[in-house]
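As the structure is a prediction and not an experimental result, all values here were calculated from the model. One-based numbering, in listed order, for ligands and for the atoms of each. Computation of the quantities below employed the complete heavy-atom set of this structure, encompassing side-chain atoms and omitting hydrogens, waters and symmetry-equivalent molecules.
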Amino acid sequence: MGITILKGDITGQRVDAIVNAANSSLLGGGGVDGAIHRAGGPAILAECRELRASRYERGLPTGQAVATTAGRLEARWVIHTVGPVYSADEDRSALLASCYRESLRVAGELGAGSVAFPAVSAGVYGWPAGSAAQIAVDAVRASATDVDDLRFVLFNDEVYAAFARALG
Ligand code: AR6
């Protein structure tokens, strides 16, 4: 598996699957979630609503992942995952690692060969960039996956630099 880091907007990536840093409601929000729904159009939200009604009446649990159409995006699928809110008192890193592992598991089920990840939890959910990057890199390296093109698409300099350090 090749791991690359890029700076920019994940919604423009030409990959099989784009991962969304969603929330449990699956009904949209700000940050990368808002950007993906805006760029992909209403088909994504429509499928999220169906998932809420069928499989996730109480919301998608933190650390899990589920796929929908990517609507008008170049990608074929959006894989929605719910990162943990950062806590200084409680170690939630296993849940953050689970987001990456579960997203790659779903990508494998779909047969996706290329996947783009944002820095899950590193925005609104408050995770410090250095720690978020290390957990992300360790988790994908530890995953048994058939994905051969894995990209981290980072939106700002600080997070990009943190991923560059974590990759070594
Ligand atoms: N492309 C790539 N990365 C982006 C983009 C983009 N277009 N936009 C923002 N980022 P966040 P979270 C970066 O807040 O912390 C939402 O409201 C951003 O700079 O999007 O997991 C959801 O609905 C940061 O580095 O996700 C949830 O309620 C990273 O993406 C909540 O925020 C993640 O920031 C999830 O919070």
Closer than 3.5 angstrom, by distance alone: can the side chain of Asn23 be matched with the main-chain N or O of Gly28 as a donor-acceptor pair?
yes

Taking distance alone, with no angle check, do Val32 and ligand 1 share an N/O pair under 3.5 Å?
yes

Under 4.0 Å from a heavy atom of Asn156: give me the atoms of ligand 1 that qualify, with their elements.
19 (O)

With distance as the sole criterion, is a donor-acceptor pair present between the side chains of Asp89 and Ser87 under 3.5 Å?
no

So, Asp16 side chain and Ser114 main chain: donor-acceptor pair closer than 3.5 Å or not?
yes

So, the side chain of Ser98 versus the backbone of Ala94: is there a donor-acceptor pair under 3.5 Å, distance only?
no

Just jot down the ligand 1 atoms closer than 4.0 angstrom to any heavy atom of Asp33, in number order.
22 (C), 23 (O)

Is atom CZ of Arg105 surrounded by more than 12 heavy atoms (other residues, nucleotides or ligands) closer than 6.0 Å?
yes

Nearest heavy atom to atom 2 (C) of ligand 1 wins, so pick from Leu26, Ile10, Leu27, Val124.
Ile10

With clusters defined by side-chain heavy atoms of hydrophobic residues (ILVMFWY) lying less than 4.5 Å apart, directly or transitively, does Val140 cluster with Ile18?
no

What atoms of ligand 1 come within less than 4.0 Å of a heavy atom belonging to Asp9?
1 (N), 6 (C), 7 (N)

Tell me which part of Ala35 gets within contact of ligand 1: side chain, backbone, both or neither, using heavy atoms under 4.0 Å.
side chain

So, does Gly83 sit close enough to ligand 1 that a heavy atom of it is under 4.0 Å from the ligand?
no

At less than 4.0 angstrom from any non-hydrogen atom of Gly8, what atoms of ligand 1 do you find?
1 (N), 2 (C)

For Tyr100 and Phe152, take the angle between the two ring planes, folded into 0 to 90°, and tell me which bin it lands in: parallel under 30, tilted 30 to 60, perpendicular over 60.
perpendicular

Please check this pair: side chain of Glu47 against backbone of Thr69, looking for a donor-acceptor N/O pair closer than 3.5 Å.
yes

From atom 4 (C) of ligand 1, work out which of Phe152, Tyr125, Phe155, Phe163 has a heavy atom at the shortest distance.
Phe155

Which ligand 1 atoms are under 4.0 Å away from a heavy-atom of Gly30?
16 (C), 17 (O)

If we only consider heavy atoms of Thr11, is any one of them less than 4.0 Å away from an atom in ligand 1?
no

Which residue holds the protein heavy atom closest to atom 33 (C) of ligand 1, what is that atom called, and what is the gap in Å?
Ala119 O, 3.1 Å

As an exercise, identify every atom of ligand 1 less than 4.0 angstrom from a heavy atom of Ala21.
21 (O), 22 (C), 26 (O), 35 (C)

Side-chain donor or acceptor of Arg52 paired with backbone N/O of Ser25 under 3.5 Å
yes

